[in-house]
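Nothing here was measured: the structure is a model prediction, and the numbers come from that model. Along the sequence shown, residues are numbered consecutively beginning with 1.
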Amino acid sequence: MIRRKTVRLGETLHFFWRENPELYHKMLEARVQRLWGELFGPSIARYTTNVYVKNRILYVSMTSSVVRSEMLSMRKRLVITLNEHAGSDVIDDVMIR
C-alpha cells in the first residue's frame with residue numbers, strides 16, 4: 001500500500017503511545033531509572049548499586065549508610081524531582097535499601 005499523504009514523526013509516535021499505554025509507562029520507568037544517576041551526580045551514583053521500578057515504587061540499593069539516611073530524609077522531594085524530570089507521574093514512592 002502506497003501512502004500519498006505524509007505524516008509527521010511526532011504524530012506517528014503520539015498515535016503509537018496512545019495505542020500502547022503499557023509500553024509508554026515502561027519507557028517512563030526506564031527514564032526515571034536513567035535520571036537517578038543524571039540528577040544526583042556521580043557522588044550519589046557511586047554509592048548506588050541497583051535501581052529499578054516495580055508497582056510505581058522506585059527501589060534503590062545504597063552501599064553507604066550515611067548516604068542512605070540522607071536520601072531517606074528527603075524521599076518526598078526525590079519523588080517530586082524525578083516525576084518532574086520524567087514529564088509524568090511515574091512513581092509514587094522511593095524505597096531506599
Side-chain angles (χ1 to χ4, degrees):
M1 181 170 133
I2 298 175
R3 288 194 162 191
R4 302 283 182 210
K5 181 182 174 190
T6 60
V7 180
R8 298 175 77 190
L9 180 59
E11 293 173 8
T12 305
L13 287 174
H14 180 70
F15 176 74
F16 177 77
W17 294 130
R18 195 169 15 132
E19 293 293 318
N20 300 294
E22 64 280 348
L23 289 177
Y24 183 68
H25 190 71
K26 288 293 183 184
M27 181 199 63
L28 290 175
E29 289 177 355
R31 183 181 294 173
V32 166
Q33 291 173 357
R34 188 188 74 238
L35 281 172
W36 179 265
E38 292 176 10
L39 288 178
F40 304 112
S43 59
I44 299 297
R46 179 177 48 219
Y47 298 111
T48 304
T49 58
N50 195 9
V51 179
Y52 64 95
V53 178
K54 184 176 180 184
N55 297 329
R56 297 183 56 91
I57 298 174
L58 179 68
Y59 292 91
V60 181
S61 299
M62 307 290 285
T63 58
S64 170
S65 61
V66 174
V67 175
R68 180 174 46 241
S69 66
E70 286 292 322
M71 294 302 228
L72 281 172
S73 67
M74 50 189 279
R75 278 178 34 190
K76 290 297 178 189
R77 183 66 192 146
L78 293 174
V79 170
I80 292 168
T81 302
L82 289 168
N83 283 333
E84 283 176 356
H85 281 82
S88 182
D89 199 22
V90 181
I91 58 172
D92 294 329
D93 198 9
V94 176
M95 298 296 292
I96 301 175
R97 301 178 177 173

Using a strict cut-off of less than 4.0 Å between a Lys/Arg side-chain nitrogen and an Asp/Glu carboxylate oxygen, indicate whether K26 and E22 qualify as a salt bridge. no
I'd like to check the ring-ring contact (aromatic ring centres under 6.0 Å, His included) partners of F40; sequence neighbours left out, ordered by chain and number. W36
Counterpart residues, ring-ring contact (aromatic ring centres under 6.0 Å, His included), relative to F15 (two or more places apart):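 With sequence neighbours excluded, F15 shows a ring-ring contact (aromatic ring centres under 6.0 Å, His included) to no residue whatsoever.
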Please report the interatomic distance CZ(R97) to CG(L72), rounded to the nearest 0.5 Å.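 Taking CZ in R97 and CG in L72, the distance rounds to 12.0 Å.
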Shared hydrophobic cluster for [X] and [Y] (ILVMFWY, side-chain gaps under 4.5 Å):
X	Y	answer
L78	V66	no
V94	Y59	no
M95	I80	no

Has the side chain of [X] got a donor or acceptor atom that lies under 3.5 Å from a matching backbone atom of [Y]?
X	Y	answer
H25	P21	no
R56	D89	yes
N50	S61	no

Testing the basics here: between L35 and A86, what is the closest heavy-atom pair and its distance to 0.1 Å?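 Minimum heavy-atom separation between L35 and A86: CD1-N, 3.7 Å.
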Ignoring hydrogens, what is the shortest heavy-atom contact between G37 and A45? Give both atom names and the distance.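 Nearest heavy atoms, G37 then A45: CA-CB, 4.5 Å.
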If you apply the rule side-chain contact (heavy atoms from CB on, under 4.5 Å), what do you find for V60 with Y52, and how did you get there? CA-CA 7 Å; V60 181; Y52 64 95; over 6 Å; no
Which word best sums up how the rings of Y24 and W17 line up, parallel for under 30°, tilted for 30 to 60°, or perpendicular for over 60°?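 Ring orientation, 0 to 90° scale: tilted.
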Mind running side-chain contact (heavy atoms from CB on, under 4.5 Å) on M62 and T49 for me, showing each step along the way? CA-CA 6 Å; M62 307 290 285; T49 58; over 6 Å; no
Salt bridge (charged side-chain N to carboxylate O under 4.0 Å, His left out) partners of residues 66-82, not counting sequence neighbours, each pair once: R75-D93
Is there a side-chain contact between L23 and F16, using heavy atoms and a 4.5 Å cut-off?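 Yes; the side chains approach each other to less than 4.5 Å.
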Could you go step by step and tell me if L82 and L39 meet the side-chain contact (heavy atoms from CB on, under 4.5 Å) rule? CA-CA 8 Å; L82 289 168; L39 288 178; 3.7 Å; yes
Evaluation steps, side-chain contact (heavy atoms from CB on, under 4.5 Å), between I57 and I91: CA-CA 5 Å; I57 298 174; I91 58 172; over 6 Å; no
